[in-house]
Amino acid sequence: MAAVTSPEASQQARVYFQTPPGSTDEAETPVRKQGRVTVKYDRKELSKRLNLEEWIIDQLTDLYDCEEEAIPELEIDVDELLDMEDDVDRAARVKELLVDCYKPTEEFVAELLDRIRGMQKLSTPQKK
């Protein structure tokens, strides 16, 4: 049901949509507050992270020779890798995650470490 305000109340007429009485639509769709991710984080860094994650998925589908949905349950946490002291520890962690992979993983691990070099962690927002 729509209600129109009178033109005298404002310069332009406004239309408000209301849920009919007895409808349960309101309870089914909670109102979500719009996030401010790009305010807290650098947009360029978010873009780099998204590109990296897409690359990781593509590489894993090749390594496991399957579709994305069939990749074994594993999570390569980039922030965890960035917290580690050096590339030797990072490589060991990634190889540990890929222990079930029957294809060689050395090239993937080397490329991943190369791609994350210089990235920033996203778990703590930047202050502007």
Side-chain angles (χ1 to χ4, degrees):
M1 172 185 299
V4 180
T5 62
S6 65
E8 297 87 32
S10 64
Q11 295 290 340
Q12 297 177 340
R14 295 181 185 255
V15 177
Y16 298 96
F17 293 94
Q18 300 173 343
T19 306
S23 174
T24 59
D25 286 348
E26 208 170 294
E28 291 175 12
T29 55
V31 177
R32 288 177 37 165
K33 191 174 181 179
Q34 187 175 11
R36 295 184 178 184
V37 174
T38 56
V39 172
K40 291 183 179 181
Y41 301 106
D42 182 19
R43 184 173 289 202
K44 188 175 182 182
E45 197 64 34
L46 282 174
S47 178
K48 279 201 257 181
R49 182 65 63 101
L50 180 61
N51 290 339
L52 176 67
E53 290 185 6
E54 289 173 350
W55 177 83
I56 289 172
I57 290 171
D58 287 342
Q59 295 301 307
L60 291 177
T61 56
D62 289 344
L63 284 173
Y64 284 96
D65 202 21
C66 62
E67 295 298 317
E68 180 179 341
E69 297 80 25
I71 295 173
E73 191 67 32
L74 65 96
E75 181 180 342
I76 298 176
D77 186 349
V78 175
D79 285 338
E80 176 189 358
L81 296 176
L82 290 172
D83 277 340
M84 294 181 172
E85 291 294 318
D86 55 25
D87 281 353
V88 174
D89 293 338
R90 291 181 187 111
R93 176 65 179 140
V94 175
K95 287 178 184 177
E96 178 183 309
L97 292 170
L98 300 174
V99 71
D100 294 334
C101 184
Y102 64 90
K103 288 186 177 180
T105 60
E106 291 78 17
E107 188 177 320
F108 167 74
V109 172
E111 180 73 21
L112 175 63
L113 296 180
D114 202 37
R115 287 174 179 254
I116 67 169
R117 199 167 287 117
M119 290 184 97
Q120 299 173 6
K121 285 180 52 175
L122 293 183
S123 57
T124 54
Q126 296 175 352
K127 295 189 179 190
K128 290 190 174 188

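Keep in mind it's a predicted model, so treat the numbers as computed, not measured.
- Every residue was checked against the salt bridge (charged side-chain N to carboxylate O under 4.0 Å, His left out) condition with E53, not counting sequence neighbours, and none meets it.
- Atoms CG and CD, on D100 and E73 in that order, are 12.0 Å from each other to the nearest 0.5 Å.
- Atom CG of L82 is separated from atom CE of M119 by 7.5 Å, given to the nearest 0.5 angstrom.
- The CD1 atom of I76 sits 14.0 Å away from the CZ atom of R90 when rounded to the nearest 0.5 Å.
- Across all their heavy atoms, D79 and Q120 have their closest contact at OD1-O, 4.5 Å.
- With sequence neighbours excluded, the residues forming a side chain to side chain contact (heavy atoms under 4.5 Å, CB included) with D89 are M84, E85, D86, listed by chain and number.
- Taken to the nearest 0.5 Å, the CG atom of D65 stands 12.5 Å off from the CG atom of L60.
- Both L97 and W55 are assigned to one and the same hydrophobic cluster, defined by single-linkage of ILVMFWY side chains at heavy-atom distances under 4.5 Å.
- Applying the salt bridge (charged side-chain N to carboxylate O under 4.0 Å, His left out) test to E80 and every residue at least two apart in sequence or in another chain returns R93.
- Every residue was checked against the side chain to side chain contact (heavy atoms under 4.5 Å, CB included) condition with D62, not counting sequence neighbours, and none meets it.
- Every residue two or more places apart in sequence or in another chain that forms a side chain to side chain contact (heavy atoms under 4.5 Å, CB included) with E67 is listed here: E69.
- Remark: D58 CG to L63 CG distance equals 11.0 Å, nearest 0.5 Å.
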All N/O donor-acceptor pairs, side-chain side in residues 107-118, below 3.5 Å, sequence neighbours left out:
from: E111; atom 1: OE2; to: R115; atom 2: NE; distance (Å): 3.0
from: D114; atom 1: OD1; to: R117; atom 2: NH1; distance (Å): 2.7
from: R117; atom 1: NH2; to: D87; atom 2: OD2; distance (Å): 2.5

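- Interatomic distance, OH of Y64 versus OG1 of T105, reported as 8.5 Å (0.5 Å rounding).
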